[in-house]
Amino acid sequence: MEKYEYNQTTTVLRHRNGIKAYKILNIHDNHLIFQLWLNSDEQGTLAVSILERYEVGQYVDMQVIRTSKTSYQVKLIGTTPKAFIPSDGRNIAI
């Protein structure tokens, strides 16, 4: 069983900490590519050091915080627990 951070384990904690499950749309070089916002096709990228842990179509938990109109910060939390992976295959699960 994979170890999860405490703030990933319940719906309330996920919402309170701004954690969402993002589907990996592509992997290019050492970057994960994902849909950035719910109502947009804009994509975000995140550099990772151990690329072997990830594959296209997998969900990962991240905190994405808009810092200005044109920039954002992303924090990778870890692999999404199975209970929070959407059954309909959408790109972002809230």
Side-chain angles (χ1 to χ4, degrees):
M1 182 174 150
E2 188 168 346
K3 183 180 177 193
Y4 300 112
E5 286 190 24
Y6 177 69
N7 60 2
Q8 288 179 271
T9 57
T10 69
T11 303
V12 172
L13 288 171
R14 291 171 69 82
H15 183 65
R16 183 183 307 155
N17 293 299
I19 296 173
K20 294 181 177 78
Y22 291 83
K23 185 177 189 178
I24 299 172
L25 302 176
N26 200 356
I27 298 174
H28 187 316
D29 294 328
N30 63 336
H31 290 81
L32 303 179
I33 300 171
F34 57 95
Q35 181 180 339
L36 193 53
W37 312 114
L38 282 171
N39 298 325
S40 170
D41 290 334
E42 187 177 354
Q43 293 182 342
T45 61
L46 178 67
V48 292
S49 57
I50 305 175
L51 200 57
E52 296 79 30
R53 291 184 182 176
Y54 306 102
E55 59 188 50
V56 174
Q58 177 183 11
Y59 286 87
V60 290
D61 282 348
M62 292 189 278
Q63 292 173 314
V64 178
I65 301 165
R66 187 183 294 268
T67 56
S68 73
K69 187 171 179 87
T70 59
S71 62
Y72 56 90
Q73 287 183 326
V74 178
K75 179 180 178 189
L76 179 64
I77 306 296
T79 305
T80 304
K82 290 182 182 178
F84 299 104
I85 295 175
S87 59
D88 60 2
R90 59 189 153 177
N91 292 337
I92 303 174
I94 53 173

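Given the structure is predicted, the values throughout are model-derived calculations rather than measurements.
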For a 4.5 angstrom cut-off between non-hydrogen side-chain atoms, does [X] reach [Y]?
X: Asp61; Y: Arg14; result: yes
X: Val60; Y: Phe34; result: no
X: Glu55; Y: Ile24; result: no

Neighbour count above 12 (heavy atom, 6.0 Å) for Asn39 CG: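 Atom CG in Asn39 is not crowded, with 12 or fewer foreign heavy atoms closer than 6.0 Å.
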Residues, nucleotides or ligands: over 12 heavy atoms within 6.0 Å of His31 NE2: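 Atom NE2 in His31 is packed in, count exceeds 12.
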Look at the side chain of [X] and the backbone N and O of [Y], then say whether any donor-acceptor pair between them is shorter than 3.5 Å.
X: Gln8; Y: Thr79; value: yes
X: Gln35; Y: Ile92; value: no
X: Arg90; Y: Ala93; value: no

Out of curiosity, [X] [atom1] to [Y] [atom2], how far, rounded to the nearest 0.5 Å?
X: Trp37; Y: Gln43; atom1: CH2; atom2: CD; answer: 13.5 Å
X: Ile27; Y: Ile33; atom1: CD1; atom2: CD1; answer: 8.5 Å
X: Ile19; Y: Thr11; atom1: CD1; atom2: OG1; answer: 11.5 Å
X: Thr45; Y: Asn26; atom1: OG1; atom2: CG; answer: 11.5 Å
X: Thr80; Y: Lys23; atom1: OG1; atom2: NZ; answer: 12.0 Å
X: Lys75; Y: Asn17; atom1: NZ; atom2: CG; answer: 9.0 Å

Do you reckon [X] sits in the same ILVMFWY cluster as [Y], going by side-chain contacts under 4.5 Å, direct or chained?
X: Ile85; Y: Leu38; value: no
X: Met62; Y: Leu32; value: yes
X: Leu51; Y: Val56; value: yes
X: Val64; Y: Ile77; value: no

Can you give me the closest heavy-atom contact between [X] and [Y], atom names plus distance?
X: Leu36; Y: Tyr22; value: O-CE2, 3.9 Å
X: Gly44; Y: Tyr72; value: CA-OH, 3.4 Å
X: Asn91; Y: Leu25; value: OD1-CD2, 3.5 Å
X: Leu13; Y: Thr9; value: CD1-OG1, 4.2 Å

